[in-house]
Number of protein chains: 2
Amino acid sequence: MSRPVASADIFQAIADPTRRAILDRLRSGEQPVKQLAEPFEMSLPAISQHLQILCNAGLVSQQKSGRQRLYRLNPIPLRQVSEWVARYEPFWQQKLDALGDYLEENP
Amino acid sequence: MSRPVASADIFQAIADPTRRAILDRLRSGEQPVKQLAEPFEMSLPAISQHLQILCNAGLVSQQKSGRQRLYRLNPIPLRQVSEWVARYEPFWQQKLDALGDYLEENP
DNA sequence: AAATAATTTAAGCGAATGCTTAACTAACCG
DNA sequence: CGGTTAGTTAAGCATTCGCTTAAATTATTT
């Protein structure tokens, strides 16, 4: 097999810019592959492989409709990312507050 | 060169579990490499390389102190991740609401 | 000055990643 | 049926990744 396991890890799945763009694109509703692939300068199989990785990560689900396959966004696993990054929010607030104070004191 | 550019992309930087763990670890304050590396079953150079990638992504900064190098968390680039993922929050709210409704109607 | 400690740099290696082209499968249409 | 459309699977390839061990660098200690 050539692309067997295709990491089910969310962070890995969203690491690739094309995959993030696909997800962004899916926010406007479910779409068939060809339409989804349209803005990318990349072969269809490449997109198909990205979709499979997103599928394995649970970020996307597919449904057959005639001869096309509709892909639909499933954002729920992204909560994992949201929760992880949220733990850092107090830190950057603090950093930005400090920067603000500095700028106030040194105008 | 062996590890030249080391992608400055944030999403790439946080894709690796070890690097996320390092960041998590740094939330408790700045630390020298050896201490930072302690819980990982991995050689010191490996950790050093991860730190360099985090550095390139701007997620971490270093400061020399005697013969050790203190690494400090800089969470600000994580806002990029936070902002990206935030765009999906309305979607999963919707999904979870639907799930809640379903469970209420099918107890 | 020699020894030791903290860390990085260098080189190399196997595995994973992102892509390609070619071949396949399945659904629709004349 | 035969042809076209939509998509996936397969195979291969170059690059990147994450790691290792060995050597180099820099700072402290004796």
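Below, chain A is the first sequence line, B the second, and so on; all start at residue 1. Just so you know, these numbers use all the heavy atoms, side chains as well, and skip hydrogens, waters and symmetry mates.
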**Item:** Rounded distance (Å) that lies between atom P of dT9(C) and atom CG of Asn56(B)
**Value:** 11 Å
**Contact list for DNA chain C against residues 25-32 of chain A - heavy-atom distance below 4.0 Å** = none
**Asked** Think Ser48(A) has a side-chain N or O under 4.0 angstrom from the OP1 or OP2 of dT8(D)?
**Response** yes
**Item:** Atom pair distance, as rounded to whole Å: CD1 in Ile47(A) and P in dA6(D)
**Value:** 16 Å
**Item:** Residues forming a side chain to side chain contact (heavy atoms under 4.5 Å, CB included) with Gln63(B), sequence neighbours excluded
**Value:** Glu30(B), Arg72(B)
**Item:** Distance, rounded to the nearest Å, where His50(B) contributes NE2 and dT7(C) contributes P
**Value:** 17 Å
**Request:** Could you tell me whether the side chain of Leu51(A) reaches within less than 4.5 Å of the side chain of Leu36(A), counting heavy atoms only?
**Result:** yes
**Message:** Can you list everything that forms a side chain to side chain contact (heavy atoms under 4.5 Å, CB included) with Ala86(A)? Sequence neighbours excluded, please.
**Reply:** Glu89(A)
**Request:** Apply side chain to side chain donor-acceptor pair (under 3.5 Å) to Gln68(B) and list each qualifying residue two or more places apart in sequence or on a separate chain.
**Result:** none
**Complete:** With sugar-phosphate taken as primed atoms, P, OP1 and OP2 and all else as base, the protein-contact string of nucleotides 25-30 of chain D at under 4.0 Å (heavy atoms; B, S, -) is -SBBS-
**Asked** Which residue pairs pass the ring pair (Phe, Tyr, Trp, His ring centres under 6.0 Å) test when at least one of the two sits in residues 22-77 of chain B, sequence neighbours left out?
**Response** none
**Fill in**
Those residues at least two apart in sequence (or on a different chain) that pass ring pair (Phe, Tyr, Trp, His ring centres under 6.0 Å) with Tyr88(B) are Trp84(B)
**Prompt:** Rounded to the Å, how far apart are Gln12(B) CD and dT15(D) P?
**Reply:** 17 Å
**Asked** Side-chain contact, heavy-atom cut-off 4.5 Å: Arg27(A) with Leu23(A)?
**Response** no
**Message:** What is the separation between atom CG on Asp9(B) and atom P on dC17(D), rounded to the nearest whole Å?
**Reply:** 10 Å
**Asked** Phosphate oxygens OP1/OP2 of dT8(C): is one of them under 4.0 Å from a side-chain N or O of Tyr71(B)?
**Response** yes
**Set of residues satisfying side chain to side chain donor-acceptor pair (under 3.5 Å) with respect to Arg87(A), sequence neighbours excluded** = Asp24(B)
**Request:** Specify the separation, in whole Å, of atom CD of Gln63(A) and atom C1' of dA6(D).
**Result:** 16 Å
**Request:** Kindly write out the residues that satisfy side chain to side chain contact (heavy atoms under 4.5 Å, CB included) with Ser43(B), not counting sequence neighbours, or none if the list is empty.
**Result:** Pro45(B), Ala46(B)
**Item:** Test item: Ile53(B) and Leu59(B) side chains (from C-beta on) under 4.5 Å apart, heavy atoms
**Value:** no
**Request:** Please examine the side chains of Met42(B) and Gln49(B), heavy atoms only from C-beta on, and report whether any two atoms are closer than 4.5 Å.
**Result:** no
**Asked** Rounded to the Å, how far apart are Gln49(B) CD and dA10(C) P?
**Response** 11 Å
**Message:** Distance check needed: dT17(C) C1' versus Ile14(A) CD1, whole Å only.
**Reply:** 17 Å
**Message:** So if I take residues 34-46 of chain B and measure heavy-atom distances to DNA chain D, which residues fall below 4.0 Å?
**Reply:** Met42(B), Ser43(B), Pro45(B), Ala46(B)
